[in-house]
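Every chain is numbered from 1 and lettered A, B, ... according to where its sequence line falls, protein lines coming before strand lines.
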There are 2 protein chains.
Amino acid sequence: MDRFVSTYTNKIDAKGRVSIPAPFRSVLENDGYSGGIYCYPSLDAAALDGGGERLAQKIDGLLQGLPDYSDERDELSVALYGDVHVLSIDGDGRIILPQSLRTHANLETQVTFVGLGDKFQMWHPETFQDRHKQAREKAKQHRTLFGAGSGNPTGSRDGGARE
Amino acid sequence: MDRFVSTYTNKIDAKGRVSIPAPFRSVLENDGYSGGIYCYPSLDAAALDGGGERLAQKIDGLLQGLPDYSDERDELSVALYGDVHVLSIDGDGRIILPQSLRTHANLETQVTFVGLGDKFQMWHPETFQDRHKQAREKAKQHRTLFGAGSGNPTGSRDGGARE
DNA sequence: TAAAAATCCATGGAATCCCATAATAGCCCA
DNA sequence: TGGGCTATTATGGGATTCCATGGATTTTTA
């Protein structure tokens, strides 16, 4: 399997460590594991985005259009690279979440890992529940718009409720 | 790991010494460490740019586009090379910031190191906070432009069938 | 010779490694 | 089908290493 799917909730222990769900770990290994996962605060949600090499390359791609040494590039780099943490995975498949990341997502004792295909997100469990409900509501509305709930003809995403 | 990512804030001690964040140091070593880091005042910000060989080569690359002995090239050379300092790293991974550089970036007691991929920047912590906010705003705008919401520019797969 | 710079040493706290345990899931074989 | 064995996983807790930081000592330079 090569995509992050499903959700899991794990504990944060006294040292700030969290187990990465085993299925996610194996995805990361197939993705060219380079010593750790890339993790940064989501731009518009109280959550963290995480992933492996594929995610890192995506970030590179966003910057490629911009000329070196332009102020614009530097500015964007601050948001894209400056916020990224490389969290190394210990021998037991755990990472430790830096304080800055934990505060962004209100993570205290538990983390909900949510697979999003190319990447995954980490949420405060309750916050995610709310989000999840909203997302499903929106998805239903869309379906009735399209009629019959027979899948998703246009291939559009589910109303952007995610992230 | 081969690029500068993440942000770290370190102290300047009484002698003007600052620890380079360990992850940055290891990037520099992989980058062909040549005795010190290249450091110069950012052209359009109250910050310092720093990096290793890759950064030096990029500066060279900019100049190569211009004809030899042209006024334009001379000017740019002065602008780019003139203010460059080579800061040697001591046995404990620290550098000493010359006064001229410190004044340009208003560095007094603390320095925030920001990874920008090929290079990194050094900011006064509070000044950086503002910059950081701007940068995230800009990134949001770009993101909607790119349609990079789910990290999937084409919007094709992952149509919301989560869980 | 005094001031400045480079090198060396010491330390507290944090991150990493290593091992132990309990719970779960998968499997084999009767 | 069921029962027991094994492998995997999440979690907890020491022990060790790494790192930022401060200070002392030596070397250089003015």
Side-chain angles (χ1 to χ4, degrees), chain A residues 1 4-30 33-39 48 50 84-103 107-115 120 122-125, chain B residues 1 4-30 33-37 39 50 85-103 107-115 120 122-125 128:
Chain A
M1 181 181 329
F4 300 103
V5 296
S6 200
T7 74
Y8 307 86
T9 298
N10 287 341
K11 280 190 188 174
I12 304 180
D13 73 7
K15 296 184 191 174
R17 295 178 297 187
V18 198
S19 282
I20 298 178
F24 286 14
R25 270 184 339 240
S26 75
V27 174
L28 287 168
E29 278 161 19
N30 296 340
Y33 178 67
S34 65
I37 68 169
Y38 296 87
C39 184
L48 307 177
V84 172
H85 292 243
V86 178
L87 308 181
S88 56
I89 304 180
D90 70 14
D92 302 325
R94 285 182 283 196
I95 54 175
I96 67 166
L97 293 171
Q99 195 57 46
S100 59
L101 292 181
R102 284 174 68 178
T103 52
L107 301 177
E108 292 150 23
T109 61
Q110 287 191 310
V111 183
T112 296
F113 291 80
V114 186
F120 60 89
M122 290 171 266
W123 290 80
H124 182 106
Chain B
M1 186 187 331
F4 301 102
V5 298
S6 219
T7 75
Y8 307 87
T9 298
N10 288 341
K11 282 189 187 175
I12 304 179
D13 72 7
K15 298 183 193 172
R17 294 179 298 186
V18 199
S19 282
I20 297 178
F24 285 14
R25 265 172 359 228
S26 76
V27 173
L28 287 168
E29 280 161 17
N30 296 341
Y33 178 66
S34 62
I37 67 169
C39 185
H85 293 243
V86 178
L87 308 180
S88 58
I89 304 180
D90 71 14
D92 300 326
R94 287 182 280 199
I95 55 175
I96 294 184
L97 294 171
Q99 195 57 46
S100 60
L101 292 180
R102 284 173 68 177
T103 52
L107 301 177
E108 293 151 22
T109 61
Q110 288 191 308
V111 183
T112 296
F113 291 80
V114 187
F120 60 88
M122 290 170 266
W123 290 79
H124 182 105
F128 174 68

Chemist: Take the angle between the ring planes of A/Phe113 and A/Phe24 and call it parallel below 30°, perpendicular above 60°, tilted in between.
Modeler: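 Aromatic pair A/Phe113/A/Phe24 classed perpendicular.
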Chemist: Would you mind reading off the distance between A/Tyr8 atom OH and C/dA25 atom P, rounded to a whole angstrom?
Modeler: 12 Å
Chemist: Within the 4.0 Å heavy-atom criterion, would you say B/Ser88 contacts the bases, only the backbone, or no part of the nucleic acid?
Modeler: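 Result for B/Ser88 = nothing.
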Chemist: Quickly work out the A/Glu29 CD to D/dT9 P distance and round it to whole Å.
Modeler: 10 Å
Chemist: With axes from five pairs an end, tell me the bend angle of the helix from C/dT1-D/dA30 to C/dA30-D/dT1, nearest 10°.
Modeler: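 Comparing the axis at each end, I get an angle of 40°.
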Chemist: Going by heavy atoms in the side chains, are A/Arg94 and A/Asp13 under 4.5 Å from each other?
Modeler: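 Yes - at least one pair of side-chain heavy atoms lies under 4.5 Å apart.
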Chemist: What do the steps show when you test A/Tyr8 against A/Ile20 for side chain to side chain contact (heavy atoms under 4.5 Å, CB included), and what is the final call?
Modeler: CA-CA 9 Å; A/Tyr8 307 86; A/Ile20 298 178; over 6 Å; no
Chemist: Mind calculating the distance between CD1 (A/Ile95) and C1' (C/dC17) to the nearest angstrom?
Modeler: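 One finds 17 Å between C1' of C/dC17 and CD1 of A/Ile95, rounded.
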Chemist: How many whole angstroms separate atom CD1 of A/Ile96 from atom P of D/dA10?
Modeler: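 So the two atoms are 18 Å apart, to the nearest Å.
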Chemist: Return the value, rounded to whole Å, for the distance between atom CD1 of B/Ile89 and atom C1' of C/dC8.
Modeler: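 Whole-Å distance recorded here is 18 Å.
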Chemist: What is the separation between atom CG on B/Asp90 and atom P on C/dC9, rounded to the nearest whole Å?
Modeler: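 Result: 14 Å.
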Chemist: I'd like to compare against my own output: the B/S/- annotation of nucleotides 19-24 of chain D with a strict under-4.0 Å heavy-atom distance to protein.
Modeler: SSBBBB
Chemist: Within the structure provided, determine whether B/Phe128 and B/Thr9 are in side-chain contact (heavy-atom separation under 4.5 Å).
Modeler: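 Not touching, per the 4.5 Å side-chain cut-off.
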Chemist: Among A/Ile96, A/Ile95, A/Asn10, which one satisfies side-chain contact (heavy atoms from CB on, under 4.5 Å) with A/Arg17?
Modeler: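 Of A/Ile96, A/Ile95, A/Asn10, side-chain contact (heavy atoms from CB on, under 4.5 Å) with A/Arg17 is met by A/Ile96 alone.
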Chemist: Rounded to the nearest 0.5 Å, what's the gap from CE on B/Met122 to CD1 on B/Ile12? Could you check?
Modeler: 10.0 Å
Chemist: Side chains of B/Val18 and B/Leu107: closer than 4.5 Å at any heavy-atom pair?
Modeler: no
Chemist: Could you tell me whether the side chain of B/Pro23 reaches within less than 4.5 Å of the side chain of A/Val86, counting heavy atoms only?
Modeler: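 Of all side-chain heavy-atom pairs linking B/Pro23 with A/Val86, none is under 4.5 Å.
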